[in-house]
Amino acid sequence: MQTCSHTTGLTFLGIGAQKAGTTWLAKWLSMHPEVHMPVKEIHFWDHPPFSPARLIRYKNRFESSTKKAHGEITPKYAILPLDTIKLIHDNFPKLRIIYILRNPIERAWSQVRMEYARRMYKDNASPSDMSTDWFIEHMLSEESISRGSYTNCIRNWLTYFSRDQLRIFIYEKDLAMPRKMLAECCQHLEINDSFYNS
């Protein structure tokens, strides 16, 4: 088990992938007594521009706790542009990053099903509105493809962050052993890795 002194400020980000277990991970990390997560998806870094006032407000969300690890998980961060990743690094150079990968076809299909449910129940769409072309269009959209282009995402993040700052998990393999995965997350975040053994 690795430990570090109490700290303030953002110490970790979960960057995705979408539909790859990030909600599950956020739920369990938020239970850890050494983790401060104000909310799962803040969606700060995917909504520019980043004025000094906005950056201060964002940083302040992680300053109020005396816990060891402070962070958030927003799956869209995986596909952030390089200039935004650089800005994150400039502000948080010691940041720890967690990235869960999932079979890209399964990930895309799960995303489309989520969008379908949203249209049906939130936007009052009917099944007849959702043609085969609608599903194909969403599966092949630029955003869907970019979310599954893991090599590009990893390359972009490693442009500014070191390899040991990025911890990659595989949805199909690692979530099958949840306690082991949570312990490895804790080790990466330098918090008590025995918490989930009870």
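None of these values were measured; they are calculated from a predicted model. For reference, positions follow the sequence shown, starting with 1.
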May I ask you to check whether H188 and F12 place their ring centers less than 6.0 Å from one another? no

Does Y77 form a side-chain hydrogen bond (donor to acceptor under 3.5 Å, both in side chains) with W157? I'd like the steps, not just the answer. CA-CA 10 Å; Y77 291 169; W157 279 88; over 6 Å; no

Results of salt bridge (charged side-chain N to carboxylate O under 4.0 Å, His left out) for R102 - residues two or more places apart only: none

I'd like to check R96 versus L13 (side-chain heavy atoms, cut-off strictly below 4.5 Å). Are they in contact? no

Using the ring-ring contact (aromatic ring centres under 6.0 Å, His included) rule, collect all pairs that involve residues 78-103, keeping only residues at least two apart or in two chains. H89-F161

Nearest-0.5 Å distance that lies between atom CG in L29 and atom OG1 in T22: 11.0 Å

Polar side-chain atom of R54 near backbone of R57 as donor-acceptor pair, under 3.5 Å: no

H70 vs R61, test: side chain to side chain contact (heavy atoms under 4.5 Å, CB included). Steps then yes/no. CA-CA 9 Å; H70 312 257; R61 302 190 73 163; over 6 Å; no

In one Ile/Leu/Val/Met/Phe/Trp/Tyr side-chain cluster, 4.5 Å: W45, I154: yes

Please examine the side chains of T11 and L189, heavy atoms only from C-beta on, and report whether any two atoms are closer than 4.5 Å. no

For F169 and C185, the nearest pair of non-hydrogen atoms, with its separation, is CE1-SG, 3.5 Å

Can you give me the closest heavy-atom contact between L82 and Y160, atom names plus distance? O-CE1, 3.6 Å

Begin with the C-alpha distance, continue with both residues' side-chain angles, and end with the deciding distance and a verdict on side chain to side chain contact (heavy atoms under 4.5 Å, CB included) for S30 and V35. CA-CA 6 Å; S30 66; V35 173; 5.8 Å; no

Side chains of N91 and K59: do they bring a donor and an acceptor to under 3.5 Å? yes

In terms of heavy-atom contacts, does CH2 of W24 have more than 12 from other residues, nucleotides or ligands at under 6.0 Å? yes

Can any side-chain N or O of R107 pair as donor or acceptor with the backbone N or O of L101 at less than 3.5 Å? no

Are the side chains of K40 and P75 in touch, meaning some heavy atoms are under 4.5 Å apart? yes

What residue pairs, at least two apart or across chains, pass salt bridge (Lys or Arg N to Asp or Glu O under 4.0 Å) with a residue in residues 170-179? none

Could you list the residues that satisfy side chain to side chain donor-acceptor pair (under 3.5 Å) with H43, not counting sequence neighbours? E41, D46

Under the 3.5 angstrom rule, does the side chain of T159 hit a backbone N or O of R155 as a donor-acceptor pair? yes

Closest non-hydrogen atom pair, P104 against Y150: CA-OH, 4.0 Å

Ignoring hydrogens and geometry beyond distance, is a side-chain donor-acceptor pair present between E72 and Y58 at under 3.5 Å? yes

Of all the heavy-atom pairs spanning C186 and D193, show the shortest one and how long it is. CB-CA, 3.6 Å

Measure the shortest side-chain to side-chain distance between H32 and N192 over non-hydrogen atoms and say whether it is less than 4.5 angstrom. yes

Any donor-acceptor pair under 3.5 Å from E106 side chain to N103 backbone: no

Is there a side-chain contact between L80 and I88, using heavy atoms and a 4.5 Å cut-off? yes

Do I98 and I15 make a side-chain contact, defined as non-hydrogen atoms from C-beta onward lying under 4.5 Å apart? no

With sequence neighbours left out, write down each residue that passes salt bridge (charged side-chain N to carboxylate O under 4.0 Å, His left out) with E184, or none if nothing qualifies. R167, K180

For residues L182 and F195, determine if any side-chain heavy atom of one lies less than 4.5 Å from a side-chain heavy atom of the other. no

With sequence neighbours excluded, what pairs up with D90 under the salt bridge (charged side-chain N to carboxylate O under 4.0 Å, His left out) test? K86

Just by distance, do the side chain of E34 and the backbone of K67 share a donor-acceptor pair under 3.5 Å? no

For C153 versus S146, what's the shortest heavy-atom pair and its separation? SG-O, 3.7 Å

Find out whether I73 and M37 are in side-chain contact, i.e. whether some heavy atom of one side chain is under 4.5 Å from a heavy atom of the other. yes

